[in-house]
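Here is the structure we will look at.
These values consider heavy atoms only, across backbone and side chains, with no hydrogens, waters or symmetry-generated copies.
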Protein chains: 2
Amino acid sequence: MATLSDVATRAGVSVSAVSRVLSEKPGVRVSVATRQRIHDAAKELNYRPNFTARALKSSRTHAVGLVVPGVTNAIFAELMRGVEEEARTKDYMVLIASTERLPEGEESIPRLMGEGRVDGVLVQFGDHLSGDDLRTVTDSGLPVISINTINPGSGGSVRLEDEAGMRLATEHLIELGHTRIGYAGGVPTSESGQRRLAGFLEAMAAAKLTVEPELVTDFGYYPKQGAQALDAMAELSTPPTAVVVANINAAHGVLSEARRLGIRVPEDMSIVAMHDTWTAEIAWPPLTCVRLPLYELGRAAMASLWDNINSGIAEDRVIADPAPELIVRESTAPPAR
Amino acid sequence: MATLSDVATRAGVSVSAVSRVLSEKPGVRVSVATRQRIHDAAKELNYRPNFTARALKSSRTHAVGLVVPGVTNAIFAELMRGVEEEARTKDYMVLIASTERLPEGEESIPRLMGEGRVDGVLVQFGDHLSGDDLRTVTDSGLPVISINTINPGSGGSVRLEDEAGMRLATEHLIELGHTRIGYAGGVPTSESGQRRLAGFLEAMAAAKLTVEPELVTDFGYYPKQGAQALDAMAELSTPPTAVVVANINAAHGVLSEARRLGIRVPEDMSIVAMHDTWTAEIAWPPLTCVRLPLYELGRAAMASLWDNINSGIAEDRVIADPAPELIVRESTAPPAR
DNA sequence: TACTCGTGAACAATCGTTTGATCATGCTAG
DNA sequence: CTAGCATGATCAAACGATTGTTCACGAGTA
């Protein structure tokens, strides 16, 4: 690990000269000859600036934290891919902090943030992460971008067109001729969950369809909770002929539970899900989904955080490009008659 | 962000006193009174040691890099979960570096490693990452643990019982009565790929079954390549009645291609796959798999790296606990007769 | 009284970079 | 001939923590 002073010695100049030349700031007065010698020496020694020293001096770590509920999740993976890629273009690194299975009293988030490890944080709140945790984060004074939740405190946010997406999904079922439509939503405290429900209700209202309370569930976004939702609906005297599932992971649970209960999809029941990950295609039947730009959401989140870090501006952005798109596969069909 | 000297001022002592008290090294001589004042001051100011300063002084960043081929991958996710969790117990953070879609000439890996950002690196080589890249990594002088590949240079490794796993998968098909069994493997340059193929061949040899060369393919571990493999086998005058797929992701591709070609699974063809991720259950039919301890592999990798960082010892470990296990679902059945 | 020794705490150097201030040199202009 | 100035480079002070060394003080001993 060659240091600046190693290079300086080899080139026969001072460390400051080396630093200035190598950092290529405009307006430094160094002769062509020494410039050359410095570059040569640096190359010969394979010099790389020490990140910790740089970070200490400049109080910039060129790293951001990404706080997510869990990593074994295709939705998260897409998001993360976007974050990663955008970070690369900005010359940033990404530190993952999963809140999955956090022992109580766990300190990893405050530690991540309080010790100057990162220049900012991207937070995607899952069901089990509350506003309190968010406060811990925002109170740290670090730039924070929250993903899919409008940040109540300061700090910006990025989110998707959840409402429009759900409307699209619901309209698809309505167009197919369904009138008794169920809704399997996320936990009611989640903000994006509320937006999705709103989208569903809007579409139903626009079609003058009634929404019976027992057809609206809010167990959560995971496969097991999707299964729970289906159980609840299947128990009804007249189950719905179609279900809008607010999350594709939950939809996978709905699908397996349907199989277990002998409900044929889409013959007995149509399923349409929010988010289009690669798992939609391997499911049986392949899931009809509404594709929201998760990858772009990740990129936008990182880009916003970068802006926030560098200029302090914090906005709430809605990622609407590409627009929500219905991907029709084989889990939806007209209702049996 | 309170610093040591802020605390020192408030407690009316020197920074060194504060440092010694707060770091709780045994054998420091500080009176109970000042000790108390220091602790109080630290608490009041919510002092947290600055990570960059600490790292610079101690040349320990308490962070490791995790280099993986891609993040949108259930196998990787399991692995990463293990790494994460073990890292947490060791008070380490994980920096993800995905080699997916790396622009050519991309420098992110050498940068990650060369700049003193991390204390060590975990590398999982995908198909498109060669020994050359590995050399870049090992040459940096940093502790490296390679995952699922025995490191040709120095540095330790952790891997799974690929051979035993494939034997288990193959024996399952043999026991069901299959004799004409195909093999859809990974790219031949991959070391774990070679071990898996060996396991398959061993099991076949032990059952005195012949392995026709055209039934052994090596397109790769991704869904599309699984589909390719099936295409190649379906074209044969007498296709196999069962296929061992060396990777579950490829198996998903096999399944959809089978559907496209009108091959019923398991009636016309049985499929057994390596690795058991949550996607196995959402597939149709649910995939019979061999479960290898991916999560434990991740934990072991991180633990090994930690050992390597702290004591310089580098071993090649095989993670054999829990042992490979066959999970029978619905993609395998006796051959039609 | 003078000396040693233990105790509790401060001093100061260091890690590798960055950057404002300073300095030596040679040249031009008055 | 010298003040003034642009040029090219060095000096030195940070950033925040760690740690070997030194120092002041009082108690114990000869």
Side-chain angles (χ1 to χ4, degrees), chain A residues 1-39 41-42 45-63 91 111 113-119 141, chain B residues 1-39 41-42 45-63 91 111 113-119 141:
Chain A
M1 303 281 162
T3 73
L4 260 195
S5 88
D6 293 337
V7 178
T9 314
R10 180 169 253 262
V13 294
S14 69
V15 286
S16 45
V18 180
S19 171
R20 279 184 239 264
V21 168
L22 260 31
S23 60
E24 292 179 331
K25 286 260 180 59
V28 265
R29 303 174 309 197
V30 179
S31 72
V32 189
T34 42
R35 204 178 275 274
Q36 189 56 50
R37 266 186 301 136
I38 289 173
H39 276 126
L45 294 173
N46 190 28
Y47 169 77
R48 284 177 181 289
N50 181 288
F51 143 78
T52 47
R54 214 174 224 187
L56 173 59
K57 186 71 181 111
S58 61
S59 36
R60 276 290 154 80
T61 62
H62 272 250
D91 220 39
R111 289 201 47 203
M113 320 212 30
E115 301 181 356
R117 241 174 213 284
V118 294
D119 295 342
Chain B
M1 303 278 164
T3 73
L4 259 195
S5 88
D6 293 336
V7 178
T9 314
R10 179 170 253 262
V13 295
S14 71
V15 286
S16 44
V18 179
S19 171
R20 279 186 240 263
V21 168
L22 259 34
S23 62
E24 293 180 331
K25 286 260 180 61
V28 265
R29 303 175 310 197
V30 179
S31 71
V32 188
T34 42
R35 204 177 275 273
Q36 189 57 49
R37 267 186 302 137
I38 288 172
H39 276 127
L45 294 174
N46 190 27
Y47 170 76
R48 282 177 182 290
N50 180 288
F51 144 77
T52 48
R54 220 176 219 186
L56 175 59
K57 186 72 178 105
S58 61
S59 35
R60 274 293 152 79
T61 61
H62 272 250
D91 220 38
R111 290 201 46 205
M113 320 212 30
E115 301 181 356
R117 244 175 211 284
V118 293
D119 295 342

Exercise. On DNA chain C, nearest-nucleotide positions of A/Met1 versus A/Ala17: which is more 5'?
Worked result: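 Whichever sits nearer the 5' end wins; that is A/Met1.
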
Selection from [options] that lies nearest to any side-chain heavy atom of [X]:
X: A/Asn50; options: C/dG16, C/dA9, D/dC11; result: C/dG16
X: B/Thr34; options: C/dG20, C/dA9, C/dT17; result: C/dA9
X: A/Arg29; options: C/dA21, D/dT7, C/dT7; result: D/dT7
X: B/Lys57; options: C/dC11, D/dA17, C/dA9; result: D/dA17
X: B/Ser14; options: D/dG8, C/dA21, C/dA10; result: C/dA10
X: B/Val13; options: C/dA10, C/dG16, D/dT10; result: C/dA10
X: B/Thr3; options: D/dA17, D/dG8, D/dA12; result: D/dA17
X: B/Ser19; options: C/dT19, C/dT18, D/dT19; result: D/dT19
X: B/Leu56; options: D/dA9, C/dG16, D/dA17; result: C/dG16
X: A/Ser16; options: C/dC11, D/dT7, C/dT19; result: C/dT19

Exercise. Is there side-chain contact between A/Thr3 and A/Asn50, with heavy atoms separated by less than 4.5 Å?
Worked result: no

Exercise. Are any non-hydrogen side-chain atoms of B/His39 and B/Leu22 less than 4.5 angstrom apart?
Worked result: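 They are in contact (side-chain heavy atoms under 4.5 Å apart), so the answer is yes.
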
Counting distance only, does the side-chain N/O of [X] pair as donor-acceptor with the main-chain N or O of [Y] below 3.5 Å?
X: B/Ser58; Y: B/Arg54; result: yes
X: A/Thr61; Y: A/Arg117; result: yes
X: B/Arg48; Y: A/Glu115; result: no

Problem set entry | Residue met sooner reading DNA chain D from 5', once B/Lys25 and B/Thr52 are mapped to nucleotides |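 This one resolves to B/Thr52.
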
[X] has an atom [atom1]; how far is it from atom [atom2] of [N], in whole Å?
X: A/Asp6; N: C/dG16; atom1: CG; atom2: P; value: 8 Å
X: B/Arg60; N: C/dC15; atom1: CZ; atom2: P; value: 17 Å
X: A/Glu115; N: D/dA17; atom1: CD; atom2: P; value: 10 Å
X: B/Leu4; N: D/dG16; atom1: CG; atom2: P; value: 10 Å
X: B/Arg20; N: C/dA10; atom1: CZ; atom2: C1'; value: 9 Å
X: A/Gln36; N: D/dA9; atom1: CD; atom2: C1'; value: 18 Å
X: A/Glu24; N: C/dT17; atom1: CD; atom2: P; value: 16 Å

Exercise. Is A/Tyr47 touching bases, backbone alone, or none of the nucleic acid, heavy atoms closer than 4.0 Å?
Worked result: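 Sugar-phosphate: the residue A/Tyr47, judged by heavy atoms under 4.0 Å, touches backbone atoms but no base.
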
Exercise. Would you say A/Arg54 reaches C/dT18's phosphate, i.e. side-chain N/O to OP1/OP2 under 4.0 Å?
Worked result: yes

Exercise. Can you name the one residue among A/Val7, A/Val30, A/Val28, A/Thr34 that meets side chain to side chain contact (heavy atoms under 4.5 Å, CB included) with A/Val21?
Worked result: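 Exactly one candidate clears the test, A/Val30.
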
